[in-house]
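Single-structure report; data block below.
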2 protein chains.
Amino acid sequence: MNIYDIANRANVSIATVSRVINNSPKVSEKTRKKVLDIVNELGFTPNVFARGLGLNTMKTIGILCSDPSDIYVAGALSCFEKMLRKNGYDSLLCCSGYDTKNLKKYIDILISKSVDAVIMIGSKYISSRDNKNLIKNTAKSLPIFLINGSLKGENIYCAYYDDFNATKKCTDMLYEAGKRKLLFLYNSTSQSAKRKLDGFMKGCKEYKHSGILFTSLLCTENDIESILSALFKFGKENFIPDGIIASDDFLAMIALKFAKQNNISLPEDLSIIGYDNSIFSKVSYPELTTVDSRLFDLCSHSVNTLLEVFGGQSPENITVFEPMIIERDTFRT
Amino acid sequence: MNIYDIANRANVSIATVSRVINNSPKVSEKTRKKVLDIVNELGFTPNVFARGLGLNTMKTIGILCSDPSDIYVAGALSCFEKMLRKNGYDSLLCCSGYDTKNLKKYIDILISKSVDAVIMIGSKYISSRDNKNLIKNTAKSLPIFLINGSLKGENIYCAYYDDFNATKKCTDMLYEAGKRKLLFLYNSTSQSAKRKLDGFMKGCKEYKHSGILFTSLLCTENDIESILSALFKFGKENFIPDGIIASDDFLAMIALKFAKQNNISLPEDLSIIGYDNSIFSKVSYPELTTVDSRLFDLCSHSVNTLLEVFGGQSPENITVFEPMIIERDTFRT
DNA sequence: CTGTTAGCGCCTTCAT
DNA sequence: ATGAAGGCGCTAACAG
């Protein structure tokens, strides 16, 4: 079934049918109704290929992410799909895994499907110089939206969170609460993780002369056991922290587990601050004090920007959101 | 850039270029190489619309789910995308939320994008008679794959887990461990939840004459506070359970939290068994004993079935996977 | 307001 | 082994 069939039945030309389908104003109400009735009766849906072929747009956005089973990614994905759909766009999902080397491959896939834009969730993609150039190049042909990452360039729109400020603030708070042996836990060397680490270091260095000890632990292995044993080994060596800042709630949960296994009392002997205000932070006991990464704000802002770009406007290229610390039970000021 | 450009540069016709792109055997090695070189040099990718217009397939699978921020859905999504991509298929994501009434709307969206098949994650969609008929009807035009749900019908392929057996087994184990006041927690009336509830009831009824008390609690509100307060109110009334089976790990986590808040010792005074073997069960302390829902098996089996269907074979329509209980710390036999 | 027609880029059948 | 040409369904420019 195609517009010819509809046109035949309605005794009009295919052009008229096309106009009706696309809500063109220049159709008489009478013809419109006649055509619409037949369209509904036959349950006709225009063929996207044919439409795309002419318009070269399929109202589809490519969403590039590492892995939706990551809780942060899943949240972003959920938000994007919902908002995009509300505005008539479909979401083509493309998961790259945690290796960012073959970004080109995935971008090519999305481009070959003629997506109208690419949303990249996570700052890992911007780590290498090659990838940066690749993204800048890609942006020549379609707008790119970076969630949680920062890259200057035409047709590139970034929204991220001021992680530096956030961890700096956390460090300050821990110090002011009397904590003097601080540990920063992180699991990636992404832009975002770096910003967090930098904020932590900055804070610690300011208190250096006040007898503060601090260090950071990169947990590259992502399974719980290895992180726990790293923590354990770490604690044994020389440094038993009284304050931990984690780059995400998952790591914070493991730190919490470690503390409980070792009968360390929270938050007196050890304070823990997580990151993301994820479901983990609410479901745990005690509940995690955490940094709200305002995922929803980031995502909805990005979709709005996207709509503005498609609407021919020129929105800001970079938007930074301010941190907010959610105090729960693992640390209180 | 299109095949005409390539054809020009290579001094061949577009037909030849098309043949090369599609690995047709009837092209001389020499021409093939000549064309391929230019294709690679220019980074040419055939236009999917044009291709789809003729072939009416876009090598895209529609994935219908409630919400990827649900941890189970996220896991399935991750698995599907990965396996489909490996086999040259893209994933078009479509999230319906938890209201299953407008299934038709979402199916129409996917069909209008000419997906080659639809994968439906979650058994909620099969709840109403209307939806069942809708799915059967849709299956006339393209294959449908049901994850965690069961519906007989041509061109409908189901993979689910024997939840009945699983909760039945859990109930048996709790009874054998001396538990006599059992509670089943669930949060949905999906097929899968019903199977779980039935298994629990079956088990309990068998022990009815041995002085066992049992009941179930449907937690429709999905926020932690209301579930906690439901549990609290519940405990106050008349029934303090010594064994809880939850329909997912999230509910189990909340039960765990409740127990800890009320200084109930685990697993002595209260045993908890979760469901799904999700990240929750491993990150909590004590770790959750849980039922492994073998998500990965379900998903990969479904993708294999899908490939078989596309390959013209006739695989089994319904596959049931057997339960496996993972013993951790909240209950031990 | 409505109809005619030329593409959009590719695949495929039919000639050669 | 290769080329020419029709057709896939739709949109938009143009003509009436």
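Just so we're clear, the structure is a prediction, and the values are computed from it rather than from any experiment. Any value given below was found using the heavy atoms of this structure, including those in side chains, with hydrogens, waters and symmetry copies removed. Numbered from 1 within each chain, the chains take letters A, B, ... in sequence-line order.
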Contact list for DNA chain C against residues 16-37 of chain B - heavy-atom distance below 4.0 Å: B:Ser18, B:Arg19, B:Asn22

Along DNA chain C (nearest heavy atom to each residue), the more 5'-positioned of B:Asn47 and A:Asn11: A:Asn11

Test item: A:Thr16 and A:Thr31 side chains (from C-beta on) under 4.5 Å apart, heavy atoms: yes

Contact nearer the 5' end of DNA chain D, comparing B:Leu53 with B:Ile14: B:Ile14

is_close_aromatic(A:Phe49, B:Phe49), centroid dist under 6.0 Å: no

5' priority, DNA chain C, between B:Ala50 and B:Ala15 [closest heavy atom]: B:Ala50

Touch class at under 4.0 angstrom, heavy-atom based, for A:Leu55 against every strand present: sugar-phosphate

Sugar-phosphate only, base, or nothing, as touched by B:Phe49 at under 4.0 Å among non-hydrogen atoms: nothing

Exceeds 12 heavy-atom contacts within 6.0 angstrom, atom CD of B:Glu316: no

Distance flag, aromatic centroids of A:Phe310 and A:Tyr89, threshold under 6.0 Å: yes

N/O donor-acceptor pair under 3.5 Å between A:Tyr98 side chain and A:Ser188 backbone: no

Short side-chain to backbone donor-acceptor contact, A:Gln191 and A:Gly149, under 3.5 Å: no

Aromatic ring proximity A:Phe321/A:Tyr161, centre distance under 6.0 Å: no

N/O donor-acceptor pair under 3.5 Å between A:Asn317 side chain and A:Ile156 backbone: yes

Contact interval (first through last nucleotide) of DNA chain D with protein chain B, 4.0 Å heavy-atom: D:dA1 to D:dG9

Boundaries of the chain B footprint along DNA chain C (any atom under 4.0 Å from a heavy atom): C:dG9 to C:dT13

B:Ser123 backbone acceptor or donor facing B:Asn148 side chain under 3.5 Å: no

Residues A:Asp5, A:Arg9: salt bridge by 4.0 Å N-O rule: no

Under 3.5 Å side-chain donor-acceptor pair for B:Thr60 and A:Lys113: yes

